[in-house]
Protein chains: 2
Amino acid sequence: MVSSTVENYLKALYKLANENAEVNISELSSELEVSKPTVNAMVKTLQQHGWVIYTKYKPLKLTEEGRKAAALILRKHRLTEMFLVEKMGFGWEEVHEIAEQVEHIKAPALFDRMDELMDYPKVDPHGSPIPDKDGNIIQKDSKKLSEHEVGEKVMLIALNHSSKEFLEFLDSRDISLNTVFEIKSVENFDDSMVVSYEKHPSETLSQKVCERLLVEKV
Amino acid sequence: MVSSTVENYLKALYKLANENAEVNISELSSELEVSKPTVNAMVKTLQQHGWVIYTKYKPLKLTEEGRKAAALILRKHRLTEMFLVEKMGFGWEEVHEIAEQVEHIKAPALFDRMDELMDYPKVDPHGSPIPDKDGNIIQKDSKKLSEHEVGEKVMLIALNHSSKEFLEFLDSRDISLNTVFEIKSVENFDDSMVVSYEKHPSETLSQKVCERLLVEKV
DNA sequence: AAATTTTGTTAGAGTTATCTAACTTTATAT
DNA sequence: ATATAAAGTTAGATAACTCTAACAAAATTT
Ligand SMILES: [Mn+2]
Ligand SMILES: [Mn+2]
Ligand SMILES: [Mn+2]
Ligand SMILES: [Mn+2]
């Protein structure tokens, strides 16, 4: 049976492959905060599972089977997060750590039941898509808030990175998924934006924040 | 952090200590289906945690701290089982395997939330008591059905052993917790009992079954 | 009391997952 | 083109958890 350690490497590889197609040992090493020799050894395990194509000194390529296996772990992670929020009353900033553990549980029925009880949600509490049982994943196309212009009205549909600190910042400003922003102005100096949204007639968001908010035009 | 392997040894030790007070390496070895040298090594780890008193060639004694640590794992196991049955619609025969994994998750808030959502249940789906947050456990006193006599009316409050096969047998006879039996007769030859209960005017239960049903007089 | 069986320990080894140190290969800069 | 830096690999070690084989101690039987 695949250990949670191996599953975490696969997940990290999947994440990096979504950003770059080809992935370096070094990237995986810093993503997972383990040494390069450790990654080097683990890559051989991933290869034995048919999840990665590996040739000495060449960048790693995730295979289709690897992509699917990773998506099925993400499915468990995201169903868990959604279940914790929707059915158990946790805040969106509390669920990632728990899901990081629960995603390794080998009990398909548990996750299918969560799925059913929530009536087959399409996204997790942070707006990330939930892969289906075959590992298919529908990525809604969205743009960063920072790429939009003054006067546009956009709705928050997902987050780019979702650290606890960032989520708590959003909570403090009453920003949640589906919040509709109107862009009032963009500061040339630091690319910060002034936006308005329900109950907040004027709020300034730093560029860092605007890059992490994925929105679609309304 | 304590690994799930170590936690499983502690649980097994707790279980055996409840039956015998003193526990042998051999007993643990067969309970967990690992070799005796493996147990011998692990006992030294348990000792380092202060969970067991160990002297070469002497039987093991669970310490008070060990008892408490074990009870807290059992708490997570049983809350999980109850949650799966009460809130997620699983059958009582499906939940043990899942709980065996979930009990190792390090997220106190998850289990406290389950507890709260179920309004602090006292027993799991098999009638076993759920320890409180301090590891205190209230064992309801009950007798085996086999120890009762003709004419008595008793209610099923817990199960002695709860293998999937046994639970499925009970399902097939519509026997569940709180079922009230009236003992119609006891067969001297094989100690089987004929009982009646709701919708079952006459059902024969083997001695093996009667020994696994924990009941109290009504 | 001696023999036998059961129980427990030690020794030695394998697997997984990790590290550091040293080296090699590839990429980048001068 | 050469030097330097970055990336990748190999070697060797450690910790956790497991095994089998061999031996020692304790308990049981004869
Ligand atoms: Mn997450
Ligand atoms: Mn994880
Ligand atoms: Mn159980
Ligand atoms: Mn377990």
Side-chain angles (χ1 to χ4, degrees), chain A residues 1-13 15-17 19-62 66 69-70 73 100-101 103-106, chain B residues 1-13 15-17 19-62 66 69-70 73 100-101 103-106:
Chain A
M1 208 192 15
V2 183
S3 71
S4 57
T5 311
V6 172
E7 290 187 340
N8 284 335
Y9 278 85
L10 179 61
K11 260 183 42 182
L13 179 58
K15 180 190 167 188
L16 295 173
E19 290 161 12
N20 283 321
E22 288 190 334
V23 179
N24 295 324
I25 299 255
S26 289
E27 287 170 334
L28 261 176
S29 166
S30 60
E31 173 71 24
L32 288 161
E33 296 180 284
V34 295
S35 73
K36 286 184 284 177
T38 301
V39 175
N40 187 268
M42 183 57 82
V43 161
K44 288 162 189 169
T45 303
L46 296 176
Q47 191 182 30
Q48 282 172 350
H49 285 285
W51 290 337
V52 68
I53 293 178
Y54 163 67
T55 323
K56 257 192 184 186
Y57 297 109
K58 292 275 166 347
L60 306 173
K61 266 183 282 180
L62 188 61
I73 303 167
E100 205 56 53
Q101 297 177 64
E103 69 189 358
H104 304 295
I105 286 177
K106 272 73 177 179
Chain B
M1 207 193 15
V2 183
S3 72
S4 56
T5 309
V6 173
E7 292 188 338
N8 284 335
Y9 277 86
L10 180 62
K11 259 183 43 181
L13 180 58
K15 181 190 164 188
L16 295 173
E19 291 161 12
N20 282 320
E22 289 192 332
V23 179
N24 296 325
I25 299 257
S26 289
E27 288 170 334
L28 260 177
S29 168
S30 61
E31 172 71 23
L32 288 161
E33 294 180 285
V34 296
S35 73
K36 286 183 286 176
T38 301
V39 174
N40 187 266
M42 183 57 81
V43 161
K44 288 162 189 168
T45 303
L46 296 176
Q47 192 183 29
Q48 280 171 352
H49 284 285
W51 290 337
V52 68
I53 294 178
Y54 163 66
T55 321
K56 255 193 185 185
Y57 296 108
K58 291 274 167 349
L60 306 173
K61 267 183 282 181
L62 188 62
I73 302 167
E100 205 56 53
Q101 297 177 64
E103 69 188 359
H104 304 295
I105 287 179
K106 272 73 178 179

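Proteins get letters first, then strands, A, B, ... in listed order; numbering begins at 1 in each. Here the structure is a predicted model, which is why all the values come from computation and not from measurement.
Taking the side chain as every heavy atom from C-beta outward, A:K58 and A:I53 never approach each other to under 4.5 Å.
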Provide a list of protein-nucleic acid N or O atom pairs under 3.5 angstrom, restricted to nucleotides 19-21 of chain D.
residue : atom : partner : partner atom : Å
D:dC19  : OP2  : B:S35   : N            : 3.0
D:dC19  : OP2  : B:S35   : OG           : 3.0
D:dC19  : OP2  : B:T38   : OG1          : 2.5

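In this structure, A:K15 does not pair ionically with A:E27, as no charged nitrogen and carboxylate oxygen lie closer than 4.0 Å.
Per the geometry, CD1 belonging to A:I25 stands 16 Å off C1' belonging to C:dC19, to the nearest Å. The CD-P distance, from B:E27 to C:dT6, rounds to 15 Å in whole Å. Separating the CG atom of B:N8 from the P atom of D:dC17 is a distance of 11 Å, rounded to the nearest angstrom. Atom CD of A:Q48 is separated from atom C1' of C:dA17 by 14 Å (rounded to the nearest Å). As rounded to whole Å, 10 Å separates atom C1' of C:dG8 from atom CG of B:N24. Remark: C1' of D:dC17 and CE of A:M1 are 15 Å apart, rounded to the nearest angstrom. Separating the CG atom of B:L32 from the P atom of D:dC17 is a distance of 13 Å, rounded to the nearest angstrom. The CD atom of A:E22 sits 11 Å away from the P atom of C:dA27 (whole-angstrom rounding).
Contact annotation: B:T45 side-chain N/O to D:dA16 OP1/OP2 distance is not under 4.0 Å. Not one side-chain nitrogen or oxygen of A:K44 sits closer than 4.0 Å to the OP1 or OP2 atom of C:dT16. The side chain of B:Y54 contributes an N or O atom lying less than 4.0 Å from OP1 or OP2 of C:dT9. At least one side-chain nitrogen or oxygen of B:K56 sits closer than 4.0 Å to the OP1 or OP2 atom of C:dT10.
In summary, of the residues considered (B:V43, B:L46, B:L13), a side chain to side chain contact (heavy atoms under 4.5 Å, CB included) with B:W51 occurs for B:L46 alone.
Picking from D:dG8, C:dT18, C:dT9 the nucleotide with the shortest atom distance to the side chain of A:A41 gives C:dT18. Nearest nucleotide to the A:N40 side chain, out of C:dG8, C:dA17, D:dG8: D:dG8. With D:dT10, D:dT18, C:dT7 as the candidates, the nucleotide lying closest to the side chain of B:S26 is C:dT7.
Between A:Y57 and A:M42, the residue anchored closer to the 5' end of DNA chain C is A:M42, taking for each the nucleotide with the nearest heavy atom.
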Worked check of side-chain contact (heavy atoms from CB on, under 4.5 Å) between B:N8 and B:E103 = CA-CA 10 Å; B:N8 284 335; B:E103 69 188 359; 3.3 Å; yes
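A:S29 comes within 4.0 angstrom of nothing in the nucleic acid, heavy atoms only.
Here the CD1-OH distance, from A:I25 to A:Y54, works out to 5.5 Å after rounding to the nearest 0.5 Å. Between the NE2 atom in A:H104 and the NZ atom in A:K11 there is a gap of 5.5 Å [rounded to 0.5 Å].
With sequence neighbours excluded, no residue forms a side-chain hydrogen bond (donor to acceptor under 3.5 Å, both in side chains) with A:Q101.
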